Each structure stands twice: as C-alpha cells, then as structure tokens.
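Heads up, the thing below is written out as structure tokens.
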Amino acid sequence: MRLIEKSFFIATHVYATGPAFKLEEYLVERNIPLLIFIGHPFSYAEDTRSFLRIYKEGSLILEKKFIYWGGPDFGFYVKDLLLTIWWGVFYVRYTRKIDYFVGVDNLNAFAGYILQKIGIVKSLIFYTIDYIPIRFENRILNRIYHFLDSFAVKKSDKVWNLSSIMADQREKRGMERKYKFKQIQVPIGTDLSTKPLPFSKIDKYKIVFMGHLRKGQGVDLLINAMEEVVRKIPKAYLMIIGGGPLEEEYRRMVKQKRLEKHIIFSGFVKDFLDVKKLLSDAAVAVAPYVDDSTTYTRYTDPGKPKDYIANGIPVIITKVPQVAFEIEKNKCGFAIDYDKKQLVNTLIKVLSNSKLQSDMRFNALKMAKRYTWEKIFSKALGETIENN
C-alpha cells in the first residue's frame with residue numbers, strides 16, 4: 001500500500017470523538033503529503049463552529065473555525081454542505097488535487113462528489129457510520145436521507161460500512177446487487193494507547209455507562225434497575241459519563257428515586273482521555289440499547305462497547321448490535337434482552353463475583369487487541385488503494 005504518497009480530505013459531522021478523528025490520527029502519524037480535515041458540529045453541540053485543519057507531512061500548518069451557527073437542523077445541513085465545498089475549492093487550489101475524499105455520512109459524501117466533479121478530488125470514499133431504514137419520522141426527510149445514501153453508494157469509488165448489515169439492508173430497499181462489491185466492512189476500532197489498571201485497583205462495585213444521553217440508549221432502564229441492585233449490593237453505584245438532551249430529565253429521575261448516593265453524573269466530558277480515566281477503574285460497563293425498529297444501533301457497529309473492552313471492562317449489552325453476540329462469544333461480557341429483570345440479575349452476578357470480573361477483564365483485552373484502529377484502517381486502506 002503506497003499510503004505515504006497519497007493525500008486525503010475528510011469531512012464529518014462531530015459531537016465528541018469518533019471514527020473520523022481516529023482516521024485523522026492514523027493519517028497524521030504516517031506523515032502523508034497532505035491531509036485536510038473538516039468537522040461540522042451538530043446543532044445540539046456546545047460549540048457549533050465548523051472547523052478546518054490542514055496537515056502537511058504530519059505537521060499542522062493551518063487551523064481555523066467558522067462562525068457560531070444557530071437555527072433549525074436543516075439550516076445546519078445546508079451550511080455544512082456549502083462550507084465543505086467552499087473550503088475545499090479555496091484551500092485545495094493552492095496545493096494539488098486530493099487523491100481521496102472521505103465523506104463520513106451521506107451528506108458529506110455528496111459534498112465530496114461535487115468536489116470530484118469539479119476536479120478537486122480524484123476518488124471518493126463514502127464512510128457510513130450509521131444507517132437505519134427509518135432515519136426520520138417525517139417521510140419526506142426520510143426519503144431524502146435514503147436518496148442521498150443510495151446516491152453516495154452509487155457514485156463513490158469505495159464504501160466503508162461499520163457493519164455488514166448495512167449492505168444487506170440497502171439490497172432489501174431495492175439497491176442493485178452489483179453495488180455490493182464496492183462495499184467493505186470497516187468496524188469500529190479500539191484504542192489501546194493507555195495501559196488498563198491492574199485488577200487490584202479496580203473498584204469492584206463501580207458500574208459505568210458512557211454515551212450521549214438521548215433516546216435509544218436505555219439509560220432510563222439502567223436507572224430503574226439500580227433501585228433493585230442497591231438493595232442487594234448496597235455498595236454498588238453507577239457513574240453516567242456524558243451529556244445530552246435527556247440529562248436533566250435523568251437527573252430528576254434519580255432525585256425522585258432518592259438514588260443520588262448511588263448514581264453519579266459526570267456531565268459532558270470534552271477530553272476523551274478524561275473519559276478513559278473515569279472508565280478505568282470500573283468493575284462492569286453497560287450498553288443497554290433500546291430494542292425497537294427505530295434504533296440505528298441494530299444496523300451499525302457502536303463505539304461504546306469497543307471503548308469498554310479497550311479498557312478491559314466486562315460488558316453487559318442488549319442483543320441489539322451484532323457486537324453483543326461477539327462479546328458474549330468471547331466471554332468478556334453478557335448479551336441480554338432489553339429487560340429490567342435480566343439487567344438487575346446480570347449486574348448482581350458480576351458485582352458479586354470477583355473471579356468472574358477478573359476472567360472477563362482478561363478476555364476483554366484479548367478481544368480488543370484484535371480490533372485496534374491501526375489494524376482496521378490498514379486493512380481498509382489497503383483494500384481501497386490497491387483497487388484504484
């Protein structure tokens with residue numbers, strides 16, 4: 001793979017960390033000739049300014065931010081599309097044509113297609129990090145979403161899917177089988193840059209949940225389960241790491257149940273290194289995804305479970321994403337139904353058994369080593385570049 005000779009342009013929507021940032025790190029570390037990275041925050045982000053970073057041979061040579069943005073989501077999407085094209089035209093013309101544009105989601109891939117048509121970039125990669133049959137309740141918006149997804153698949157030179165289910169779902173919606181050959185699975189990776197704590201320093205009663213506090217994450221189920229867990233194990237407590245639109249509602253819920261001593265909120269944590277510190281001494285981590293037809297988690301490879309196992313933490317996860325079954329198969333956690341009783345019993349089982357915790361920690365780190373970001377991107381880029 002002749003990666004050192006290639007230039008890249010990444011455009012993504014951002015909230016916290018994610019695959020696009022890991023790809024940025026991977027490419028920067030390899031000192032490629034040119035890397036342009038554009039991030040567009042979602043409307044609910046604390047800082048809504050889109051940002052641009054340009055690297056040459058691994059060194060940051062330019063960094064700038066756009067103005068603060070407000071208003072409805074539609075206005076954000078229009079701004080993001082036009083700004084990616086504008087920044088691409090303005091900054092690339094002073095360098096050279098970009099070899100690969102990586103559009104992380106269909107809107108950014110569409111921007112890359114326009115830049116490709118006007119001669120700014122050579123090849124287009126559509127990086128699909130989420131896909132769901134019913135993305136929007138509004139039928140018109142949902143049709144636009146699927147039109148852009150189908151368009152991006154057809155016009156891209158390569159499609160990176162977090163899960164193989166995405167390609168299958170596209171076929172079910174009528175996409176021709178001939179487009180399946182260009183779609184490859186590029187799952188979420190693991191970050192093993194920090195050494196997990198030894199088992200002797202683990203808090204045997206600490207439960208963690210990390211993620212965006214919004215619908216579909218199952219935090220309300222977890223809070224309800226804690227009522228019964230603490231009756232059996234009074235020392236047990238839950239740390240909820242992250243913020244989001246439902247944070248205040250969950251805080252009120254905890255107060256009403258008088259669980260303030262057993263459930264702690266960190267709020268939004270900007271630096272992921274601080275997140276890893278909060279995770280590091282946990283006995284068990286929970287990913288209680290809601291099991292319904294509207295959850296995108298069923299069709300993707302969520303990052304939360306990989307972050308958990310990268311820190312050596314046993315995982316209790318609902319049987320929604322495919323990774324749940326892999327976690328159970330590798331004996332580094334339990335896959336359960338979206339059921340309060342099962343969640344309560346499984347939490348008690350793990351918290352009551354130090355040997356089980358120790359064995360699952362060993363297995364979690366073993367699984368994590370097979371999914372490092374370096375291995376994931378080396379394989380994906382190898383397949384992409386060798387075929388172009």
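All values reported here derive from a predicted model rather than from experimental measurement.
Smallest separation of non-hydrogen atoms from Ala282 and Arg361: O-NH1, 3.4 Å. Shortest non-hydrogen contact noted between Ala11 and Phe101 is CB-CZ, 3.7 Å.
Within the 4.5 Å cutoff, side-chain heavy atoms of Asn108 are placed close to those of His13. Using a 4.5 Å cut-off on side-chain heavy atoms (C-beta onward), Gln116 and Asp157 make contact. Leu213 is listed as a side-chain neighbour of Val219, based on a closest heavy-atom distance under 4.5 Å. Within the 4.5 Å cutoff, no side-chain heavy atoms of Trp160 are placed close to those of Ile129. Looking only at side-chain heavy atoms (C-beta outward), Leu351 and Val229 come within less than 4.5 Å of each other. Side-chain contact between Asp105 and Thr12: absent, with no pair of heavy atoms (C-beta onward) separated by less than 4.5 Å. Counting heavy atoms from C-beta on, the side chains of Asp80 and Leu83 never come closer than 4.5 Å.
If you run salt bridge (charged side-chain N to carboxylate O under 4.0 Å, His left out) between Asp168 and each of Lys180, Arg173, Arg177, only Lys180 comes through. Val186 pairs in a side-chain contact (heavy atoms from CB on, under 4.5 Å) with only one of the listed residues (Ile376, Ile125, Leu23), which is Ile376.
Counting heavy-atom neighbours within 6.0 Å of Ile140 CD1, excluding the residue itself, gives a total of 12 or less. In this structure, Lys340 places its NZ atom where more than 12 heavy-atom neighbours from other residues, nucleotides or ligands lie under 6.0 Å away. More than 12 non-hydrogen atoms from other residues, nucleotides or ligands lie less than 6.0 angstrom from NZ of Lys79. Within 6.0 Å of atom NZ in Lys255, 12 or fewer heavy atoms from other residues, nucleotides or ligands are found, so the atom counts as exposed in its surroundings. Under a cut-off of 6.0 angstrom, the local environment of NZ in Lys369 is sparse, with at most 12 non-hydrogen atoms contributed by other residues, nucleotides or ligands. No more than 12 heavy atoms of other residues, nucleotides or ligands sit less than 6.0 Å from atom CZ of Phe362.
Within the structure, the ring-ring contact (aromatic ring centres under 6.0 Å, His included) test picks out the following pairs touching residues 194-236 (sequence neighbours left out): Tyr15-His212, Tyr44-His212.
A cation-pi arrangement, defined by a distance under 6.0 Å to the six-membered ring centre and an angle within 45 degrees of its axis, is present between Arg30 and Tyr26. For the pair Lys306 and Tyr371, the cation sits on the ring face: its NZ or CZ lies under 6.0 Å from the ring centre, inside 45° of the axis. A cation-pi contact, defined as under 6.0 Å to the ring centre and within 45° of the axis, links Arg170 to Tyr131.
Using a 3.5 Å distance cut-off with no hydrogens or angles, the side chains of Tyr237 and Asp203 do pair a donor with an acceptor. Under 3.5 Å, the side chains of Asn161 and Gln185 contain no donor-acceptor pair of N or O atoms. Side chain to side chain, Thr48 and His40 fail the donor-acceptor criterion of an N or O pair below 3.5 Å. Ser43 and Asp73 form a side-chain donor-acceptor contact under 3.5 Å, judged by distance and modelled atom types alone. A donor-acceptor pair shorter than 3.5 Å can be found between the side chains of Ser7 and Asp99.
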Report task. Given side-chain hydrogen bond (donor to acceptor under 3.5 Å, both in side chains), test Arg135 with Asn106 step by step and report yes or no. Result -> CA-CA 12 Å; Arg135 178 65 175 80; Asn106 53 40; over 6 Å; no

Report task. Just do the ring-ring contact (aromatic ring centres under 6.0 Å, His included) check on Phe272 and Phe21 with the steps written out, would you? Result -> CA-CA 11 Å; Phe272 193 67; Phe21 291 98; over 10 Å; no

Query - side-chain contact (heavy atoms from CB on, under 4.5 Å) between Lys304 and Tyr289, worked out - result: CA-CA 11 Å; Lys304 192 188 345 267; Tyr289 300 109; 3.4 Å; yes

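Taking the charged nitrogens against the carboxylate oxygens, Lys379 and Glu383 do have a contact shorter than 4.0 Å, which makes a salt bridge. The pair Asp191-Lys22 counts as a salt bridge, with a side-chain nitrogen and a carboxylate oxygen less than 4.0 angstrom apart.
Judged by distance alone, with hydrogens and angles left aside, the side-chain atoms of Ser163 form a donor-acceptor pair with the main-chain N or O of Ile165 at under 3.5 Å. Using modelled atom types, no side-chain atom of Asn142 and backbone atom of Asn138 make a donor-acceptor pair closer than 3.5 Å.
Listed by chain and residue number, Asp47, Arg49, Phe51 satisfy the side-chain contact (heavy atoms from CB on, under 4.5 Å) test with Lys65 (two or more places apart in sequence, or in another chain).
Classified by interplanar angle (parallel below 30°, tilted 30° to 60°, perpendicular above 60°), the ring pair Phe66/Trp87 is perpendicular.
Cluster annotation: Val89 and Ile98 are assigned to the same hydrophobic cluster (Ile/Leu/Val/Met/Phe/Trp/Tyr, side-chain heavy-atom contacts under 4.5 Å, transitive).
Ring centroids of Tyr113 and Phe151 are separated by less than 6.0 Å, placing the two rings close together.
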